[in-house]
Amino acid sequence: MRWYTGLFYWGEIVSKTKTVDDHLATFPRARLMTAVTPVERLARLSEALDIDLWIKRDDLTGLGLGGNKTRQLEFYFGEALKQQADTVLITGAVQSNFVRSTAAAAALLGMKAVLQLEERVSGMGDPYYRSGNVLLAKLLGAEHMSYPKGEDEVGADNALHERADQLRAEGRNPYVIHLGLAHPPLGALGYVACGDELSRQLEDFDVAVVPSGSGATHAGFLTGLRLATHRADVFGICVRRDQESQKLRLQTMLEKLSGLLRLENGIASEDIITWDGALAPGYGRIGETTRNALSLMAKTEGVFLDPVYTAKTFAGLLGLLKEGRIKPGQKVVMVHTGGIPALFGYQEELDVA
Ligand SMILES: *Cc1c(COP(=O)(O)O)cnc(C)c1O
C-alpha cells in the first residue's frame, strides 16, 4: 500500500525535487526574523485605483525596527558566525537602513559593528545627520566612520578593508559586508526566501512591485518566485540608477545568485523588468511624486512609507498603472521593504505644507 502511494505521488515528487528551503539550507544562516511577515489587502486603495492591491509587510521584520535588511543579514551574519568573526563592518548612505539593521544584529549576537557613512545626498538639513537611522545606530553602540564620496562602491569597500586590517592587528576577527558587485550576493538569498514565503501566502497574483536599489531584494525575490514556480511579472522600481544601468546590474547579480544556488537555468533577460519613472530627482531626494505617493498611502490606509525607497516604489506602481503596464482589475502586490526611521531624518524635506 505504501509503495503504491509512493508511486501515485511520483509525478509531484519529480516536479518538485528540491524546495526553495532545500536550496537555502546549504548556506549558514543566523535567525534574525522573528516571524513570517503579514500580507494585507489594501481595500480602500484597491477601490480607488481599480486594482486588487496587496502589501507584503517586510517593514515588520522585527529586528531593530525592521525592514528588508533583516532578511539579507541572516545570510551575512550566518557567514560571519561561521568564520567566528567578532566584528562586522558595513558601508552605506548617512540614513542607511542596512547600516542600522547591521548594528542591531551585531548587538543581538554580541558582536561589534563598524558603520561607515557615505556622503551620497547633498544639501540636506540637520535632522538628516542626527535623527532617524543615525540616532538609532548611535543608541545601538556602533563605531562610526565617514567616507567623503557617495558613488564609489569599490573605494568605500576598500576603506572598510583598511579598518578591518587595523582591527586584525589589534587581535580582532572582522567580517566585511561588501557593497560592490564583485562579491557573492549573500543578502539576495534572504529575498529568495521572501519570494517563496509570499508565493505560499498569496495565490495567483499577476504583478509584484519591489524597490530596486543594490538589487539584492529584486534579484532574490524574482528568483524565489520563479523557484516556487510563480509566474507574476516583477517590476523593479529604480531608486538609485536609470532603468538601463539597473537592468545591467540585475543581470550581473542574478548570474552570481544563480551560481551561488547552483541553478541550471538562470533568470531570462526579458524577465528582468526595471522602471525608472519615479526616480527623479534622484537617489535619496524627494520630489513632488514621492511626497504625493507617501501621503496617499498614509492618508488612505494608515500605512507609512519611507522617503528613499518605498514611497518611490508606490509612486512607481501608480506610474505603471497610468502607463497601462498594470491593468485595471489585476491582482498586485507591493513589497514594503521598511525604512520608516528615515522619515525622521527627512523631517525638513517632508514637513513642507
Ligand atoms: C536597502 C533598502 C531597499 C533596497 O534594497 P536593495 O536590496 O538594496 O535593492 C529598499 N527599501 C529599503 C527600506 C531599504 O532600506
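Both ligands and their constituent atoms are indexed starting at 1 by order of listing. Given the structure is predicted, the values throughout are model-derived calculations rather than measurements.
Counting the atoms of ligand 1 from 1 in the order shown, those under 4.0 Å from a heavy atom of Gly339 are 13 (C). Listed by atom number, the atoms of ligand 1 under 4.0 Å from Asn97 heavy atoms are 13 (C), 14 (C), 15 (O). In summary, the atoms of ligand 1 found under 4.0 Å from a heavy atom of Ala216, numbered by their order in the structure, are 7 (O), 9 (O).
Look at Lys331 and Glu203 and you find no salt bridge, because none of the NZ, NE, NH1 or NH2 atoms lies under 4.0 Å from a carboxylate O. Ion pair Glu288/Arg291 flagged as a salt bridge, since at least one NZ, NE, NH1 or NH2 atom sits closer than 4.0 Å to an Asp/Glu carboxylate oxygen. One finds a salt bridge joining Glu153 and Arg241 here, because a Lys/Arg side-chain nitrogen approaches an Asp/Glu carboxylate oxygen to under 4.0 Å. For Arg226 and Asp271, the salt-bridge test passes: some basic side-chain N is under 4.0 Å from an acidic carboxylate O.
Both the sub-6.0 Å distance and the 45° axial angle are satisfied by Lys69 relative to the ring of Tyr309. A cation-pi arrangement is not found for Arg325 relative to Phe235, the charged atom failing to lie both closer than 6.0 Å to the ring centre and inside a 45° cone about the ring normal.
Geometrically, ligand 1 and Gly213 share a nitrogen or oxygen pair separated by less than 3.5 Å. Distances between N or O atoms of Gly215 and those of ligand 1 include at least one value under 3.5 Å. Here's the thing with His218: none of its N/O atoms is less than 3.5 angstrom from an N/O atom of ligand 1. Between Ser212 and ligand 1, a contact under 3.5 Å exists for no N or O pair. The distance criterion of under 3.5 Å between nitrogen or oxygen atoms is met by Lys69 with respect to ligand 1.
Between His161 and His178, the angle of the ring planes stays under 30°, which puts this pair in the parallel group of the 30/60° scheme.
Shown here is Glu170, whose CD atom has more than 12 heavy atoms of other residues, nucleotides or ligands within 6.0 Å. The neighbour count for Glu323 CD, taken as heavy atoms of other residues, nucleotides or ligands under 6.0 Å away, is above 12.
The protein non-hydrogen atom at the shortest distance from atom 12 (C) of ligand 1 is Tyr309 CD1, 3.3 Å. Atom 7 (O) of ligand 1 has its closest protein heavy atom at Thr217 OG1, 2.7 Å. Looking only at protein heavy atoms, the nearest one to atom 8 (O) of ligand 1 is Ser214 OG, 2.7 Å.
At a 4.0 Å heavy-atom cut-off, ligand 1 touches Asn68 through the side chain alone.
Taking only non-hydrogen atoms, the option from Ile340, Asn133, Thr337 nearest to atom 11 (N) of ligand 1 is Thr337.
In this structure, Gly338 has a heavy atom closer than 4.0 Å to ligand 1.
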